[in-house]
**Student:** 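Here you go, one structure.
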Amino acid sequence: KYIKYTNNKITANRIHRLLLAILTIASKIYEDRSFLNTYYASVGGVSLRELNFLEKSLLNDLDWNVYVLNDEIKNYHINIIINYYDFWFH
C-alpha cells in the first residue's frame, strides 16, 4: 500500500524506520490499548521526535487510508507462510 500511494522505493536504509512506523500505527488501530510512542521509539532505537515524524509522515503519505481488508490480511499471511515456512520451521 505504501509503494502504491507514494511511489517511494523501499531500501535497506529505509526499511527499519518504515516498519517501526507501520507497527506503531497498526498497534493503535488493532489494539484496544497500545504502548506509548516513547516505548516504540525506545525499542526501535530512534528518538521520540523521529518516531513521531515517521508516524505522521507515513499517515500523510497514505492519505490516512490505513484500513486493510480481512482478505488482504489473509492473503499476506498465506504468502508469508508459503514463502518462509522452511525458514521458521526447519
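Side chains included, hydrogens not; waters and symmetry mates left out as well; all remaining heavy atoms used.
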**Student:** Nearest 0.5 angstrom please: S57 OG to E50 CD, how far?
**Tutor:** 10.0 Å

**Student:** Is there a side chain to side chain contact (heavy atoms under 4.5 Å, CB included) between E72 and N75 once you walk through the steps?
**Tutor:** CA-CA 5 Å; E72 288 179 283; N75 287 336; 5.7 Å; no

**Student:** Membership question, hydrophobic clusters at under 4.5 Å side-chain separation (ILVMFWY): are L59 and L36 in the same one?
**Tutor:** no

**Student:** Start with the C-alpha gap between V68 and Y30, add the side-chain angles, then the distance that decides, and say whether side chain to side chain contact (heavy atoms under 4.5 Å, CB included) holds.
**Tutor:** CA-CA 11 Å; V68 180; Y30 292 105; 3.9 Å; yes

**Student:** Can you tell which of I25, V46, V43, L58 makes a side-chain contact (heavy atoms from CB on, under 4.5 Å) with L20?
**Tutor:** V46

**Student:** Is there a donor-acceptor pair under 3.5 Å between the side chain of H16 and the backbone N or O of G45?
**Tutor:**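 Between the backbone of G45 and the side chain of H16 there is no qualifying donor-acceptor contact (under 3.5 Å).
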
**Student:** Hey, could you give me the CD/CG distance between E55 and N60, rounded to the nearest 0.5 Å?
**Tutor:**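 Between E55 CD and N60 CG, I get 10.5 Å after rounding to 0.5 Å.
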
**Student:** Looking only at heavy atoms, what is the nearest atom pair of S34 and K28, with distance?
**Tutor:**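 In terms of heavy atoms, the two residues are closest at OG-CG, 3.6 Å.
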
**Student:** Please determine whether residues F53 and W64 belong to a single hydrophobic cluster, defined as Ile, Leu, Val, Met, Phe, Trp and Tyr linked transitively by side-chain heavy-atom distances below 4.5 Å.
**Tutor:** no

**Student:** Does either side chain, that of Y40 or that of S27, offer a donor lying less than 3.5 Å from an acceptor on the other one?
**Tutor:** yes

**Student:** With clusters defined by side-chain heavy atoms of hydrophobic residues (ILVMFWY) lying less than 4.5 Å apart, directly or transitively, does I29 cluster with L23?
**Tutor:** no

**Student:** Of all the heavy-atom pairs spanning N37 and L51, show the shortest one and how long it is.
**Tutor:** O-CD2, 3.3 Å

**Student:** Assigning hydrophobic clusters by single linkage (Ile, Leu, Val, Met, Phe, Trp, Tyr; side-chain heavy-atom cutoff under 4.5 Å), is I22 placed with L54?
**Tutor:** no

**Student:** For residues K74 and N79, is any side-chain donor paired with an opposing acceptor at under 3.5 Å?
**Tutor:**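 K74 vs N79: no donor-acceptor pair found between side chains.
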
